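Indexing begins at 1, ligand by ligand and atom by atom, following the structure's order. Everything numeric in this text was worked out from a predicted model, so none of it was measured.
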Amino acid sequence: MELLQQQRKFFNTQQTKDLTFRKKALQRLEQEIEAREDAICDALYADFKKPIFESLALETQIVLAEIRLAIKKFGRWAKPKKVSASWVNFPSSEWIYKEPYGSILVIAPWNYPFQLALAPVIGAIAAGNTVFLKPSEMAPNTSAVLKEIIESVCLPEHVTVVEGGVEISQELLAQRWDYIFFTGSTQVGQIVYKSAAKHLTPVTLELGGKNPCIVDHSAKVKLAAKRIVWGKFINGGQTCIAPDYILVHKKVKGELIRALKKSITESYGSDIEGAAEDLARIINAKHYQRLKGLLIGEEILFGGTYNDSDNYLSPTLVNESALESKLMEDEIFGPILPIISYEDKADIEKYISRYGKPLAAYVFSKSKKFQDYITEAYSFGGGAINDTVVQFTNPRLPFGGVGSSGMGAYHGQHSFEVFSHHKSVVKRGNWIDPSLRYPPYNLPLKYIKMLKKFL
Ligand SMILES: NC(=O)C1=CN([C@@H]2O[C@H](COP(=O)(O)OP(=O)(O)OC[C@H]3O[C@@H](n4cnc5c(N)ncnc54)[C@H](OP(=O)(O)O)[C@@H]3O)[C@@H](O)[C@H]2O)C=CC1
Ligand SMILES: CCCCCC(=O)O
């Protein structure tokens, strides 16, 4: 890996630690993305007909917001942080230095192929690192435009894009990195973690999960339906924090189903296949066939129409999928929404506890007691009450998983901290040197015992 050696050499020149160097790189990136925003949207459409509104709102503008926040704030984030000194070090001042790790590997997925590739790269640059980015080959047009953008604004020894699929990814993983940031499936996340372990490389793993969405009998059902439909079917349902399945209280199941159908029709029209501009397609034939296969044997309440020539699957509601069904086996990651009724908390527990800790969880309820119960009783990466997906939008909220849905979290300053080693430094004064700590330890034991309470 010749270029990796070049990046290491470049890092050792200390240039990436210079704040002006970092700021200029981010500013050039911001300008290039603004200049190429139409081309980026075209590439996303070419890859899987991602609606232009979603490409702007959930791809390019998210990246630009991250860059602008970093440009504005990273100087403060990078400043050594003074902490209150410990009296045992008297006289001293005590600090935390934010030190870049060095060479970062970023491996990105195909579903938000622009922002999930660049958002971590922004944090890595802001923190003073060099970066290798491997986009997904399953979104080739977006991968190509990412490469063009990076090559036109960054030195290859600073940031480089390596296009390719699994083979390239594995070749890269065989190298020693100072940090690996992976976004993708839990299964591949385990492969990445094993590779990182060989070199004791720290990682952030942004993985997947089967995200529950609970609607209790007190919920504002019509509004809940609108927000569930939005969060579930944006990006053609291929969103890692989308509600995966609904657990609805028996009392409001019928009302919710009616409201969901209405909201889907209002969002995508009655002739849903005509919603070509508003509904992303399934990324490829493999995932399309996988999703169609999940519907076999299920009771379809709404939708279920498809077009093989276009990897098109309409927003689909499924009734009472069995716990043992294929649909309930793993993360769906497509426009299919199982609706399962529950009577009590034990029913909820039966479903949620069957899976690893989800990346997201949602609860629609007017009862604070029930909201708090779900928030505290179940572990999940992040979530929302009376909405879906919106936890992603605030850079002050760390975005990441827990357990099988991942480790580490980023966005905003959290990204800067991910890519910074926190180095502790004590600066001692020389004007006095209390001899307490030096042998011979001739301080009477009773005084040492007195001192203990100060340690
Ligand atoms: N937590 C989060 O923020 C997010 C999580 N996800 C999760 O990602 C998954 C969907 O994304 P998807 O891209 O299919 O995930 P994958 O895990 O299949 O792929 C992720 C990346 O890893 C590469 N890759 C795939 N297989 C291997 C392998 N055996 N060894 C090394 N690298 C490999 C892929 O290359 P290539 O694609 O080029 O083949 C891609 O660049 C879902 O589970 C979803 O929940 C998705 C988005 C966000
Ligand atoms: C709304 C944007 C979400 C991007 C990360 C995901 O796939 O969930």
A.B. asks: Can you check whether M138 has an N/O within less than 3.5 Å of an N/O in ligand 1?
C.D. replies: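 By distance alone, the answer is no.
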A.B. asks: With respect to C240, determine whether any N or O atom, backbone or side chain, lies less than 3.5 Å from an N or O atom of ligand 2.
C.D. replies: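 C240 vs ligand 2: N/O contact under 3.5 Å present.
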A.B. asks: With backbone taken as N, CA, C and O and side chain as the heavy atoms from C-beta onward, which portion of A108 lies under 4.0 Å from ligand 1: side chain, backbone, both, or neither?
C.D. replies: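 It is the backbone that gets close, since no side chain atom is under 4.0 Å.
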A.B. asks: Do other residues, nucleotides or ligands put more than 12 heavy atoms under 6.0 Å from K261 NZ?
C.D. replies: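 Counting neighbours around NZ of K261, more than 12 heavy atoms of other residues, nucleotides or ligands fall under 6.0 Å, so yes.
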A.B. asks: Below a 4.0 angstrom heavy-atom separation, can you tell me which part of L359, side chain or backbone, both or neither, approaches ligand 2?
C.D. replies: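 No part of L359 comes within reach of ligand 2.
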A.B. asks: Heavy-atom distances under 4.0 Å are what count here, so tell me which part of T183 touches ligand 1: side chain, backbone, both or neither.
C.D. replies: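 Both the backbone and the side chain of T183 come within reach of ligand 1.
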A.B. asks: Short N/O distance, under 3.5 Å, between K134 and ligand 1?
C.D. replies: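 Min N/O separation from ligand 1 is below 3.5 Å for K134.
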A.B. asks: Donor-acceptor pair, R354 side chain versus L323 backbone, under 3.5 Å?
C.D. replies: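 Side chain of R354 to backbone of L323, a donor-acceptor pair under 3.5 Å: yes, one is there.
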A.B. asks: Would you kindly check if the NZ (Lys) or CZ (Arg) of K50 is within the cone defined by 45 degrees around the ring axis of Y112 and under 6.0 Å from the six-membered ring centre?
C.D. replies: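 Yes, cation above the ring, under 6.0 Å and within 45°.
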A.B. asks: Which label fits H287 and W110: parallel for a plane angle under 30°, tilted from 30 to 60°, or perpendicular past 60°?
C.D. replies: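 Correct class here is tilted.
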A.B. asks: How does L359 reach ligand 1, by side chain, by backbone, by both or by neither, if only non-hydrogen atoms under 4.0 Å count?
C.D. replies: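 Side chain only.
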A.B. asks: Mark up the atoms of ligand 2 that fall under 4.0 Å of a heavy atom belonging to V389, in ascending order.
C.D. replies: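 Near V389, the atoms of ligand 2 are 1 (C).
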A.B. asks: Indicate yes or no: does an N/O atom of H287 lie under 3.5 Å from an N/O atom of ligand 1?
C.D. replies: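 For ligand 1, there is no N or O atom that lies under 3.5 Å from one belonging to H287.
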A.B. asks: So, taking the atom named NZ in K9 and the one named CG in L3, what distance separates them when rounded to the nearest 0.5 Å?
C.D. replies: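 Going from the NZ atom of K9 to the CG atom of L3 covers 11.5 Å.
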A.B. asks: Going by atom types only, do K292 and N311 share a side-chain donor-acceptor pair under 3.5 Å?
C.D. replies: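 No, because no side-chain N or O of K292 sits under 3.5 Å from a partner of the opposite role on N311.
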A.B. asks: How long is the gap from NZ on K24 to CG on L29, to the nearest 0.5 Å?
C.D. replies: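 Answer for the NZ-CG pair, K24 versus L29, is 15.5 Å.
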A.B. asks: Hey, is Y112 touching ligand 1 through its side chain, its backbone, both or neither, going by heavy atoms under 4.0 Å?
C.D. replies: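 None of Y112 does.
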A.B. asks: Is it the side chain (CB and beyond), the backbone, both or neither of N235 that lies under 4.0 Å from ligand 2, heavy atoms counted?
C.D. replies: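 For N235, there is no contact with ligand 2 at all, from either part.
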A.B. asks: Among Q238, E163, E331, which one has a heavy atom closest to atom 42 (C) of ligand 1?
C.D. replies: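 Considering heavy atoms of Q238, E163, E331, the nearest to atom 42 (C) of ligand 1 sits in E331.
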A.B. asks: Please state which option from P113, A139, S185 has its nearest heavy atom closest to atom 16 (P) of ligand 1.
C.D. replies: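 Among P113, A139, S185, the closest heavy atom to atom 16 (P) of ligand 1 comes from S185.
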A.B. asks: Considering distance alone, does some N or O of L116 sit under 3.5 Å from an N or O of ligand 2?
C.D. replies: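 So ligand 2 has no N or O lying under 3.5 Å from an N or O of L116.
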A.B. asks: What's the shortest distance from atom 28 (C) of ligand 1 to any protein heavy atom, and which residue and atom give it?
C.D. replies: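 Of every protein heavy atom, V166 CG1, 3.5 Å lies nearest to atom 28 (C) of ligand 1.
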A.B. asks: Could you tell me whether G184 and ligand 1 have an N or O pair separated by under 3.5 Å?
C.D. replies: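 Yes - when backbone and side-chain N and O of G184 are compared with those of ligand 1, one distance drops under 3.5 Å.
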A.B. asks: With a 4.5 Å cut-off on side-chain heavy atoms, are L205 and V192 touching?
C.D. replies: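 A side-chain contact exists here, since the closest heavy-atom pair is under 4.5 Å.
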A.B. asks: When you measure from the heavy atoms of Q115 to every atom of ligand 2, does any distance fall below 4.0 Å?
C.D. replies: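 Q115: in contact with ligand 2 (<4.0 Å).
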A.B. asks: Between Y101 and W177, does the ring centre distance come in under 6.0 Å?
C.D. replies: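 No; W177 has its ring centre 6.0 Å or more from that of Y101.
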A.B. asks: Any nitrogen or oxygen of S136, main chain or side chain, under 3.5 Å from a nitrogen or oxygen of ligand 1?
C.D. replies: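 Yes - when backbone and side-chain N and O of S136 are compared with those of ligand 1, one distance drops under 3.5 Å.
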A.B. asks: Report yes if L116 has an N/O atom closer than 3.5 Å to an N/O atom of ligand 1; otherwise report no.
C.D. replies: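 For ligand 1, there is no N or O atom that lies under 3.5 Å from one belonging to L116.
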A.B. asks: Check whether the side chains of Q61 and E37 place a donor and an acceptor atom closer than 3.5 Å, and report yes or no.
C.D. replies: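 Yes, E37 and Q61 have a side-chain donor paired with an acceptor closer than 3.5 Å.
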A.B. asks: Within less than 4.0 angstrom of ligand 1, does G164 place any heavy atom?
C.D. replies: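 Contact present.
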A.B. asks: Between Q238 and ligand 2, is there a nitrogen or oxygen pair with a distance under 3.5 Å?
C.D. replies: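 No, there is no polar N/O contact under 3.5 Å.
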A.B. asks: I want to check something: taking the side chain as every heavy atom from C-beta on, are V159 and T130 in contact at a cut-off of under 4.5 Å?
C.D. replies: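 Answer no - side chains too far apart.
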A.B. asks: Quick one: does ligand 1 sit under 4.0 Å from the side chain of N111, the backbone, both or neither, non-hydrogen atoms only?
C.D. replies: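 Under 4.0 Å from ligand 1, N111 contributes side-chain atoms alone.
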A.B. asks: For S405, is at least one N or O under 3.5 Å away from an N or O on ligand 1?
C.D. replies: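 By distance alone, the answer is no.
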A.B. asks: Could you check whether K220 makes a cation-pi contact with F364, meaning its NZ or CZ is under 6.0 Å from the centre of the six-membered ring and within 45° of the ring axis?
C.D. replies: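 So K220 doesn't make the cation-pi contact.
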A.B. asks: Could you say whether the N/O atoms of E137 and ligand 1 ever approach to under 3.5 Å?
C.D. replies: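 In this structure, E137 places an N or O atom under 3.5 Å from an N or O of ligand 1.
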A.B. asks: Please indicate whether Y97 has more than 12 foreign heavy atoms, meaning atoms of other residues, nucleotides or ligands, lying under 6.0 Å from its OH.
C.D. replies: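 More than 12 within 6.0 Å, yes.
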A.B. asks: What's the shortest distance from atom 6 (N) of ligand 1 to any protein heavy atom, and which residue and atom give it?
C.D. replies: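 That would be C240 CB, 3.5 Å.
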A.B. asks: Does the structure place the NZ or CZ of K345 under 6.0 Å from the centre of the six-membered ring of Y373, at an angle of no more than 45° from the ring's axis?
C.D. replies: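 Yes, a cation-pi geometry.
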